[in-house]
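Note that this is a predicted model, so its numbers are computed, not measured. A, B, ... follow the sequence lines: proteins, then strands. Residue 1 opens every chain.
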Amino acid sequence: MDEKEYIARRVAKELHDGDVVNLGIGLPTMVANFIPEDIEITLQSENGFLGMGPAPEKGDEDPYLVNAGGIHVTINPGGVFFDSAESFLIIRGGHVNATVLGALEVDEKGNLANWMVPGKMVPGMGGAMDLVTGAKKVIVAMNHTAKGNHKILKQCTLPLTAVNAVDLIITEMGVMEVTDKGIVLKEINPEFTVEQVQAATGATLIIAEDLKNIEL
Amino acid sequence: MNKLISVEEAVNMIQDGMTIMVGGFLGCRNPYVLVDALVAKGVKDITLIANDTSFPEVGIGKLIVNKQVKKLIASHIGTNKETGNQMNSGELEVELVPQGTLAERIRAAGAGLGGILTPTGLGTVVAEGKDIITVDGREFLLEKPLKADIALIVGAKVDKKGNVRYKKATRNFNPLMATAADIVIVEADEIVEVGEIDPDDVMTPGIFVNYIVGGNA
């Protein structure tokens, strides 16, 4: 199984029956493929609907229906469309149970940077700042490092998306919870040792007393 | 009153230097006909308020490529490389606004509010230079209303009074922008007689719409 699928499968286990969930572009979108069949999740798309379904068959694309990344999707029975103010009322008002998104950097205070690299890449924050501010649970799903460079840090260096917002970090190496005391490694991919995870992390990890292996 | 006008009449109202809001989300139904006419007319020095700048070849993306925009207020520019290029070269002033804040700033203008208080952006560059207001011990950013001279919106079904029904994910910023500009022009995929849209289904009341042009659905 490739790393992205491994991460997406583990993130899917964080979701609960009845949750309203917003999935970011890229790896987080893959989470939808691994939601257990016995639970019902409602996906929110910040351009204005609830009940987002999978991509249509080729040739069945609807010009009136794209996701927040501009990609053609479908809407499930029971879904509903609305305008951008209502969409962000849902997001900012705490009516989204969980948001899953990628990060450039995360730090031990739960600060998140994922929207720009000064002088290099400034795509804009889109809906990310509202999502991480308003969602009840913020899950960062990403590769543990970027070309060997740390992404989980003592302190973010890039412009922030939000302060003290991240609850959980899930990577191919482990599951980490952001707490008042720091980042707690709660689950580990058995292919790695604790020492390897620590070496790949720019902050000092607190190792949970009941550290478990990740099970998918 | 007759609200139906030609695309040419619509574009004649849009002058150099105006502030224009345009509905749509990543090119998913910008008012394509009106935007193409703006590109053809070559209106310059526009302040553009929109969620994003689409793709270079689609909808309002063309206004950027054609260098007709002087200032942009948007939440996302990543799908149109030309926007970033012009921003980096200093040709285009860009104010990036969180998407939910953008929606509420436009709504505030339309609703006659002096601004909105939001937690989004606290502790980030978005907060720079803005007032922080504490309400019951919680901090919020004061974000000011956004108004335009002209809003160009797009509706799937529009009656001759200007009542608008949107379709699927194309509602986005359109109903908000319809309330926040001096002149509102709706590009209609389909124009119908008054009464053909059930009052329960009207999403933007016709009182907000000044003019209607036919689109190319």
Side-chain angles (χ1 to χ4, degrees), chain A residues 25 45-49 52 61-75 79-94 109 111-113 115-116 118-134 156 158-165, chain B residues 23-29 51-55 58 72 74-81 83-84 87-88 94-104 106-108 110-111 118-127 156 166-178 189 203-204 217:
Chain A
I25 305 304
S45 189
E46 63 259 38
N47 54 326
F49 55 111
M52 181 162 59
E61 295 90 353
D62 184 330
Y64 293 88
L65 185 49
V66 299
N67 66 12
I71 307 294
H72 286 288
V73 289
T74 53
I75 187 162
V80 57
F81 295 107
F82 32 76
D83 66 46
S84 297
E86 186 166 348
S87 184
F88 281 87
L89 176 160
I90 291 168
I91 287 167
R92 201 190 309 97
K109 298 273 188 282
N111 298 327
L112 169 70
W115 72 282
M116 72 175 284
K120 283 189 181 162
M121 175 204 75
V122 189
M125 68 290 282
M129 284 192 178
D130 297 284
L131 276 161
V132 297
T133 301
C156 289
L158 294 169
L160 296 181
T161 308
V163 173
N164 192 16
Chain B
F25 196 107
L26 286 181
C28 183
R29 307 308 285 187
N51 176 60
D52 56 78
T53 49
S54 185
F55 303 90
V58 181
L72 170 72
S75 83
H76 197 271
I77 59 173
T79 53
N80 189 337
K81 278 203 163 65
T83 311
M87 179 175 73
N88 291 338
V94 178
E95 179 183 346
L96 289 167
V97 181
Q99 203 171 110
T101 300
L102 185 64
E104 286 297 321
I106 295 167
R107 198 184 63 84
T118 177
T120 303
L122 281 172
T124 76
V125 295
V126 169
Y166 306 97
K167 204 166 168 184
K168 299 183 183 172
T170 63
R171 205 177 318 177
N172 54 66
F173 283 80
N174 289 293
L176 308 168
M177 291 174 170
D189 288 350
M203 296 166 183
T204 290

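Interface residue B:Asn172: backbone and side-chain heavy atoms are both found under 4.5 Å from chain A. Neither the backbone nor the side chain of A:Ser45 comes within contact range of chain B, judged by heavy atoms closer than 4.5 Å. Using a 4.5 Å cut-off between heavy atoms, A:Thr133 contacts chain B through its side chain alone, with no backbone atom that close. Proximity to chain B (any heavy atom under 4.5 Å) is shown, for A:Ala85, by both the backbone and the side chain. The parts of A:Leu65 that come within reach of chain B are both its backbone and its side chain, each placing non-hydrogen atoms under 4.5 angstrom from that chain. Contact annotation for B:Met203: neither backbone nor side-chain heavy atoms come within less than 4.5 Å of a heavy atom of chain A. Using a 4.5 Å cut-off between heavy atoms, A:Glu86 does not touch chain B at all. B:Ser54 does not touch chain A: none of its heavy atoms, backbone or side chain, sits under 4.5 Å away. Contacts between B:Pro175 and chain A at a heavy-atom distance below 4.5 Å involve the side chain alone, from C-beta outward. Only the backbone of B:Leu122 comes within contact range of chain A, with at least one heavy atom under 4.5 Å from a heavy atom of that chain. Contact annotation for A:Asn111: neither backbone nor side-chain heavy atoms come within less than 4.5 Å of a heavy atom of chain B.
Listed options A:Ser84, A:Gly124, A:Gly119, A:Gly79 were ranked by heavy-atom pairs under 4.5 angstrom with chain B; first place goes to A:Ser84. Chosen from B:Leu102, B:Thr120, B:Leu26, the residue pairing most often with chain A at heavy-atom distances under 4.5 Å is B:Thr120. Contact tally against chain A (heavy-atom pairs below 4.5 Å) for B:Val97, B:Asn88, B:Asp52, B:Val94: the top residue is B:Val97. With chain B as the partner, the residue from A:Leu89, A:Val122, A:Val73, A:Ile91 showing the most heavy-atom pairs under 4.5 Å is A:Val122. The candidate with the highest count of non-hydrogen atom pairs below 4.5 Å against chain B, out of A:Ala162, A:Gly127, A:Ala128, A:Gly48, is A:Gly127. Comparing B:Cys28, B:Ala74, B:Ala103 by heavy-atom pairs within less than 4.5 Å of chain A, the highest count is held by B:Cys28. If you tally non-hydrogen atom pairs under 4.5 Å between each of A:Gly134, A:Gly70, A:Ala68, A:Pro159 and chain B, the highest count goes to A:Ala68. Listed options B:Pro98, B:Ala156, B:Gly123 were ranked by heavy-atom pairs under 4.5 angstrom with chain A; first place goes to B:Pro98. Contact count against chain A (heavy-atom pairs under 4.5 Å) is highest for B:Thr170 among B:Thr170, B:Asn51, B:Asn174.
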message: salt bridge (Lys or Arg N to Asp or Glu O under 4.0 Å), that's the test. Do B:Asp189 and B:Lys167 meet it? Break it down for me.
response: CA-CA 10 Å; B:Asp189 288 350; B:Lys167 204 166 168 184; over 6 Å; no
task: Quick one: do B:Val126 and A:Met125 satisfy side chain to side chain contact (heavy atoms under 4.5 Å, CB included)? Show the steps, please.
output: CA-CA 10 Å; B:Val126 169; A:Met125 68 290 282; 3.7 Å; yes
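A 4.5 Å side-chain heavy-atom check between A:Lys109 and A:Cys156 finds every atom pair outside the cut-off. For the pair B:Gln99 and B:Phe173, the minimum side-chain heavy-atom distance is below 4.5 Å. Taking the side chain as every heavy atom from C-beta outward, B:Ile77 and B:Leu96 approach each other to under 4.5 Å. Counting heavy atoms from C-beta outward, A:Pro123 and B:Thr79 have side chains that stay 4.5 Å or more apart. A 4.5 Å side-chain heavy-atom check between A:Met129 and A:Trp115 finds at least one atom pair inside the cut-off. Taking the side chain as every heavy atom from C-beta outward, B:Lys168 and A:Asp62 approach each other to under 4.5 Å.
For the salt bridge (Lys or Arg N to Asp or Glu O under 4.0 Å) test, no residue two or more places apart in sequence or in another chain qualifies with A:Glu61. Not counting sequence neighbours, the partners of A:Phe81 by the ring pair (Phe, Tyr, Trp, His ring centres under 6.0 Å) test are A:Phe49.
Panel note: side chain A:Asp130, backbone B:Gly100; a donor-acceptor pair is recorded below 3.5 Å. With hydrogens and angles disregarded, no donor-acceptor distance shorter than 3.5 Å links the side chain of B:Thr124 to the backbone of A:Thr161.
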